[in-house]
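Accompanying notes for the structure given below.
Computed over heavy atoms, backbone and side chain alike; hydrogens, waters and symmetry mates excluded.
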Amino acid sequence: MRLPIKWGDCVIIALVLALALAIGVPFYLRPSDHLTCEILQNGAVVRTIPLTDAVEETITIEGETITNVIEITPGGVRFAESDCPDQVCVRSGLLTRAGQSAVCLPNRVIVRLTGAEAPAVDAVVQ
């Protein structure tokens with residue numbers, strides 16, 4: 001049994017999608033201030049690099065059998081190359097916002113971006 005979609009149904013769907021887009025776009029496009037790149041290998045921090053407009057660097061992380069090349073630019077951070085067989089880390093793309101991360105599981109390397117630290121107290125009630 002097939003239910004016909006009516007003209008009013010399409011209008012409601014379009015309104016819901018437009019509302020969702022209007023609410024989500026400002027949050028997605030808002031830039032993160034004071035980004036910091038953390039590179040971890042085997043759970044230990046290898047490098048912590050504040051991302052500024054002047055930072056351009058290529059870091060090579062050597063593992064037991066795998067080598068990762070991480071590229072840091074003013075626009076973000078990415079795995080540029082990896083010897084791992086699945087290449088998931090390379091396909092994760094450019095990290096540009098706080099909270100984003102990319103992982104190379106075979107080499108146990110994590111690259112993540114963190115934002116500005118939140119103040120310890122955000123409200124006081126008397």
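Counting all heavy atoms, side chain and backbone alike, Gly115 lies closest to Ala98 at N-CB, 3.4 Å. The two residues Pro74 and Glu56 have their closest heavy-atom pair at CD-CG, 3.5 Å.
Using a 4.5 Å heavy-atom threshold, the side chains of Cys10 and Ile5 count as touching. At least one side-chain heavy atom of Leu113 sits less than 4.5 Å from a side-chain heavy atom of Val77. Inter-residue side-chain proximity for Ile59 and Ile49 is flagged as met; some heavy-atom pair is nearer than 4.5 Å.
Here the straight-line distance linking atom OG of Ser92 with atom CZ of Arg78 works out to 10.0 Å at 0.5 Å rounding. Here Cys84 contributes atom SG and Ile66 contributes atom CD1; the two are 5.5 Å apart, rounded to the nearest 0.5 Å. With rounding to the nearest 0.5 angstrom, the CG atom of Asn68 is 12.0 Å from the CZ atom of Arg108. Here the straight-line distance linking atom CZ of Phe79 with atom CG of Leu95 works out to 8.5 Å at 0.5 Å rounding.
With sequence neighbours excluded, no residue satisfies side-chain hydrogen bond (donor to acceptor under 3.5 Å, both in side chains) with Gln87. Under the side-chain hydrogen bond (donor to acceptor under 3.5 Å, both in side chains) criterion, Thr67 pairs with Glu62, not counting sequence neighbours. Contacts of Pro50 classified as side-chain contact (heavy atoms from CB on, under 4.5 Å), with partners at least two apart in sequence or in another chain: none. In this structure Glu81 satisfies the salt bridge (Lys or Arg N to Asp or Glu O under 4.0 Å) test with no other residue, sequence neighbours excluded. Every side-chain hydrogen bond (donor to acceptor under 3.5 Å, both in side chains) that Glu57 has, sequence neighbours left out, goes to Arg47. The side-chain hydrogen bond (donor to acceptor under 3.5 Å, both in side chains) test applied to Glu64 returns no partner, not counting sequence neighbours. Applying the side-chain contact (heavy atoms from CB on, under 4.5 Å) rule to Thr36 yields the partners Thr48, Thr114; only residues at least two apart in sequence or on another chain are considered. Residues forming a side-chain contact (heavy atoms from CB on, under 4.5 Å) with Gln41 (at least two apart in sequence, or on another chain): Val46, Ile61, Asn107, Val109.
Residue Leu17 shares its hydrophobic cluster (ILVMFWY side chains chained together at separations under 4.5 Å) with Ile13. Within the hydrophobic cluster formed by Ile, Leu, Val, Met, Phe, Trp and Tyr side chains joined at under 4.5 Å, directly or through other members, Val103 is accompanied by Leu40, Val45, Leu105, Ile110. Other members of the cluster containing Val11 are Trp7, Leu15, with ILVMFWY side chains joined at under 4.5 Å, either directly or via other members.
Judged as a salt bridge (charged side-chain N to carboxylate O under 4.0 Å, His left out), not a single pair has a partner in residues 8-25 (not counting sequence neighbours).
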Step-by-step side-chain contact (heavy atoms from CB on, under 4.5 Å) determination, Ile72 to Thr58: CA-CA 6 Å; Ile72 300 171; Thr58 302; over 6 Å; no
CA sep, side-chain torsions, deciding dist, call: Asp83, Thr65, side-chain contact (heavy atoms from CB on, under 4.5 Å): CA-CA 8 Å; Asp83 296 340; Thr65 59; over 6 Å; no
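In the hydrophobic cluster analysis, where Ile, Leu, Val, Met, Phe, Trp and Tyr join through side-chain heavy atoms closer than 4.5 angstrom, Val111 is grouped together with Val90.
A donor-acceptor contact shorter than 3.5 Å links the side chain of Arg91 to the backbone of Asp86.
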